[in-house]
Amino acid sequence: MNEENKTKRPLDFIRQIIADDLSSGKHDTIVTRFPPEPNGFLHIGHAKSICLNFGVARENNACCHLRFDDTNPGKESSEYVEAIKNDVHWLGYDWGEHLYYASDYFDKLHDFAVELIKMGKAYVCHLSSEQMREYRGTLTETGKDSPYRNRSVEENLELFSQMKAGELEEGSCALRAKIDMNSPNILLRDPVLYRIMKTHHHRTGDTWCIYPMYDFTHCLSDMLEGITHSLCTLEFENNRPLYDWVLDTLATPCHPRQIEFARLNINFTVTSKRKLLQLVNEGHVSGWDDPRMLTISGLRRRGYTPKSIRSFCEGVGIGKKESWIDMGVLENSIRDDLNVTAPRVFGILDPIKVIITNYPENESEMLEAQNHPQNADMGTRLVPFSRELFIERSDYMENAPKKFFRFTEGREVRLRYAYLVTCNKAIKNSEGEVVELHCTYDPESRGGNAPDGRKVKGTIHWLSAAEAVTAEIRLYDRLFSVEYPDADKEKNFKDFLNPESLQVLSGCKVEPSLLNANPDDRYQFERQGYFCLDSKDNNSEKLVFNRIVTLRDSWAKLAGKG
RNA sequence: UGGGGGAUGGUCUAACGGCAAGACAGCGGACUCUGACUCCGCUUAUCGGGGUUCGAAUCCCUGUCCCCCAGCCA
């Protein structure tokens with residue numbers, strides 16, 4: 001499913017609700033928002049939410065706000081803010097003028113809290129967090145009222161202002177909503193609204209020493225911005241009654257509707273900021289943008305295109321059932337994109353020398369190759385051919401089965417766009433390792449076609465040894481070796497890291513034209529996969545390529561069956 | 001054991017009381033100067049049990065299983 005023909009797809013349940021709200025006249029226009037906490041980098045799961053919120057807005061000619069939910073200063077930083085903005089833009093979305101921060105609303109939020117106190121709907125509680133837990137009850141037992149629950153409005157006002165003034169110690173007390181300690185929904189058992197945190201905030205500095213909690217902040221921020229549909233993940237379903245309670249109790253002029261959808265899960269990886277942070281901090285990966293990480297920045301560095309991520313998110317759909325998407329579906333989305341856009345070149349991961357014994361020494365010629373076999377508009381290029389070549393080591397096999405359409409002694413193979421070549425002899429070193437292939441070519445087959453029309457099944461890529469350029473190529477595999485790394489209650493997810501997730505190949509050979517590659521270029525190395533320059537480690541001294549994804553390989557599948 | 005959600009092929013998604021459809025995966029085949037791409041074919045599903053109905057994935061009852069909630073995190 002690509003972005004162009006999405007009109008065929010039925011509306012998901014959220015888009016349906018929005019369409020209904022528009023047609024019923026409940027709303028003239030809609031407003032959505034993407035509300036990340038700046039405490040880490042965005043990952044593929046966030047991409048789903050971004051595509052939903054910004055996508056729905058775009059489809060309805062409406063706005064989607066970017067709002068940083070920065071109410072817990074100890075964990076947040078402006079470094080994350082910048083990374084997140086960059087990632088959202090890169091994905092292809094624009095919030096225009098609508099960049100907000102929950103911290104923009106601290107004054108208003110404070111005033112709302114005061115209002116709640118005046119209504120007798122909030123109180124300052126001096127229970128310690130341990131005591132509060134005890135008073136809260138359990139899943140099966142109701143809670144009991146805090147002894148501070150019935151303080152007078154005046155006393156609460158005074159205490160809250162002392163909290164705000166920094167006159168009270170962290171943890172000594174908190175502002176709580178007065179709802180219902182007997183509610184079967186634990187979130188409604190007098191939830192904390194404000195806590196004391198004498199922590200520097202990346203935007204408000206030391207202005208505040210009390211910070212509002214998520215449940216108090218989020219609904220009011222949505223309301224202040226005139227959000228119509230507040231889309232979030234399933235685990236917030238229990239929070240919805242609280243979201244509604246705050247807005248209802250304060251009788252706000254508008255009341256956004258919170259709708260929950262299932263978060264994205266992908267197998268063989270983890271999508272949790274907390275866990276990704278651990279991988280980064282403990283050095284299991286090189287950083288948030290390690291190409292093995294399914295962070296937006298990791299995917300970008302790996303070579304994924306924004307379009308492929310968007311079409312992936314579109315393909316997984318929006319529902320309420322928790323689901324696990326196969327990693328292969330993500331890989332497919334980038335293959336689909338690059339298959340039509342990436343120019344083809346030759347690159348050899350594990351080179352082995354080939355001598356064309358009947359080709360004149362000290363001579364070479366230029367042969368024409370297509371940049372894209374299905375798209376002539378992408379033009380052609382000239383590649384040098386000579387007596388000494390490199391081919392892929394895996395394109396030779398000593399005792400090859402009949403179905404192996406590549407080199408083995410006595411077998412003829414086509415060098416793509418060049419000549420038909422027969423392998424005569426494999427030269428081995430003292431360890432018995434093949435170091436060189438001696439072959440002869442058919443001079444009549446220039447370009448790759450036999451004048452007598454004989455069929456040659458195998459076609460392989462090659463490079464002229466003298467002109468080939470040396471490069472480092474990094475091959476990536478899934479970061480975890482099990483399908484559900486955090487499913488095991490006994491073991492830590494890090495126990496399942498795949499030790500072979502990164503393979504660095506040096507001495508690889510690529511076409512000289514790749515010396516002019518740009519950081520944003522993506523290529524198909526024919527018969528190998530899609531590759532791009534590594535945005536961090538590539539430099540004028542050393543060519544460094546990342547393998548974005550392999551090509552499908554039905555031979556590997558066949559061979560694997562043995 | 002309280003409350004809130006969820007259950008359709010191996011995996012996702014659709015069908016809105018009227019032929020269970022599509023994608024990915026898998027299998028088989030065609031094509032091929034990439035064992036790629038493309039194309040064709042095939043296998044595989046309504047959680048169980050009742051009920052309403054001419055007709056139920058859909059409505060009702062009931063059971064089972066899975067997820068979320070007991071942070072001064074979001």
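What you see is a predicted model; the values in this text were computed from it and never measured. Per chain, numbering begins at 1; letters A, B, ... match sequence-line order.
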Give the nucleotide from the list [options] with an atom nearest to the side chain of [X].
{"X": "A:Leu551", "options": "B:G35, B:G5, B:A36", "result": "B:A36"}
{"X": "A:Glu322", "options": "B:A70, B:C73, B:C67", "result": "B:C67"}
{"X": "A:Lys457", "options": "B:U34, B:U32, B:A70", "result": "B:U32"}
{"X": "A:Lys75", "options": "B:C73, B:G3, B:G35", "result": "B:C73"}
{"X": "A:Arg406", "options": "B:G35, B:C73, B:U34", "result": "B:G35"}
{"X": "A:Arg133", "options": "B:G35, B:A70, B:C72", "result": "B:A70"}
{"X": "A:Trp324", "options": "B:G6, B:G35, B:C12", "result": "B:C12"}
{"X": "A:Pro184", "options": "B:G2, B:G6, B:A74", "result": "B:G2"}

With distance as the sole criterion, is a donor-acceptor pair present between the side chains of [X] and [Y] under 3.5 Å?
{"X": "A:Thr380", "Y": "A:Gln370", "result": "no"}
{"X": "A:Tyr135", "Y": "A:Glu130", "result": "no"}
{"X": "A:His202", "Y": "A:Glu76", "result": "no"}

- Could you grab the distance from atom CH2 of A:Trp324 to atom OH of A:Tyr484, nearest 0.5 Å is fine? 7.0 Å
Roughly how many Å apart are [M] and [N], using the [atom1] atom of each and rounding to a whole number?
{"N": "B:U13", "M": "B:A56", "atom1": "P", "value": "26 Å"}
{"N": "B:A70", "M": "B:G10", "atom1": "P", "value": "34 Å"}
{"N": "B:U64", "M": "B:G26", "atom1": "P", "value": "38 Å"}
{"N": "B:G49", "M": "B:G6", "atom1": "P", "value": "22 Å"}
{"N": "B:U43", "M": "B:A23", "atom1": "P", "value": "15 Å"}
{"N": "B:U53", "M": "B:G17", "atom1": "C1'", "value": "9 Å"}
{"N": "B:G3", "M": "B:U62", "atom1": "P", "value": "14 Å"}
{"N": "B:A45", "M": "B:U11", "atom1": "P", "value": "12 Å"}

- Query: Closest approach of A:Phe531 and A:Phe545, non-hydrogen atoms and distance?
  - Reply: CB-CD2, 4.3 Å
- Does the separation of the ring centres of A:Phe236 and A:His218 fall below 6.0 angstrom? no
- Query: Between A:Phe407 and A:Tyr396, is the ring centre distance below 6.0 Å?
  - Reply: no
- Message: Is the ring pair A:Phe41/A:Tyr80 parallel, tilted or perpendicular, if the boundaries are 30 and 60 degrees?
- Response: perpendicular
- Once the angle between the rings of A:Trp208 and A:His110 is folded into 0 to 90°, is it parallel (under 30°), tilted (30 to 60°) or perpendicular (over 60°)? tilted
Donor-acceptor pair (no angle test) under 3.5 Å: [X] side chain, [N] base:
{"X": "A:Glu314", "N": "B:A23", "value": "no"}
{"X": "A:Gln524", "N": "B:U34", "value": "yes"}
{"X": "A:Arg240", "N": "B:G4", "value": "no"}
{"X": "A:Asn238", "N": "B:C68", "value": "yes"}

[N]: pairing nucleotide in any strand, Watson-Crick or G-U under 3.5 angstrom:
{"N": "B:C12", "result": "B:G22"}
{"N": "B:U58", "result": "none"}
{"N": "B:C65", "result": "B:G6"}
{"N": "B:U53", "result": "none"}

Just call it for [X]: base, sugar-phosphate, or nothing, with non-hydrogen atoms closer than 4.0 Å on any strand.
{"X": "A:Arg176", "result": "nothing"}
{"X": "A:Lys273", "result": "nothing"}
{"X": "A:Thr142", "result": "nothing"}
{"X": "A:Gly448", "result": "base"}
{"X": "A:Leu330", "result": "nothing"}
{"X": "A:Asp215", "result": "nothing"}
{"X": "A:Arg414", "result": "base"}
{"X": "A:Asn267", "result": "nothing"}
{"X": "A:Pro373", "result": "base"}
{"X": "A:Leu139", "result": "base"}
{"X": "A:Met213", "result": "sugar-phosphate"}
{"X": "A:Tyr211", "result": "nothing"}
{"X": "A:Ser323", "result": "sugar-phosphate"}
{"X": "A:Arg335", "result": "nothing"}

Indicate whether OP1 or OP2 belonging to [N] is found under 4.0 Å from a side-chain N or O atom of [X].
{"X": "A:Ser129", "N": "B:G71", "result": "no"}
{"X": "A:Lys403", "N": "B:G35", "result": "no"}
{"X": "A:Arg189", "N": "B:G71", "result": "no"}
{"X": "A:Ser183", "N": "B:G3", "result": "no"}
{"X": "A:Lys321", "N": "B:U8", "result": "yes"}
{"X": "A:Arg274", "N": "B:C73", "result": "no"}
{"X": "A:Lys557", "N": "B:G26", "result": "yes"}

- Note on the structure: When A:Arg416 and A:Gly317 are each assigned the nearest nucleotide of RNA chain B, the 5'-most assignment goes to A:Gly317
- Using the closest heavy atom to pick a nucleotide of RNA chain B for each, name whichever of A:Asn72 or A:Ala418 lands nearer the 5' end. A:Ala418
Atom [atom1] of [X] to atom [atom2] of [N]: distance rounded to whole Å?
{"X": "A:Asn332", "N": "B:A36", "atom1": "CG", "atom2": "P", "result": "13 Å"}
{"X": "A:Phe531", "N": "B:A36", "atom1": "CZ", "atom2": "P", "result": "16 Å"}
{"X": "A:Ile334", "N": "B:C24", "atom1": "CD1", "atom2": "P", "result": "17 Å"}

- Message: Check for me whether A:Arg381 meets the cation-pi criterion with A:Phe346, that is, NZ or CZ under 6.0 Å from the six-membered ring centre and within 45 degrees of the ring axis.
- Response: yes
- Task: Answer yes or no as to whether B:A74 has its base stacked against A:Tyr214, where stacking requires a ring-centre separation under 5.5 angstrom and planes under 30 degrees apart.
- Result: no
- Query: Mind telling me whether B:G71 is syn or anti, cutoff 90° either side of 0?
  - Reply: syn
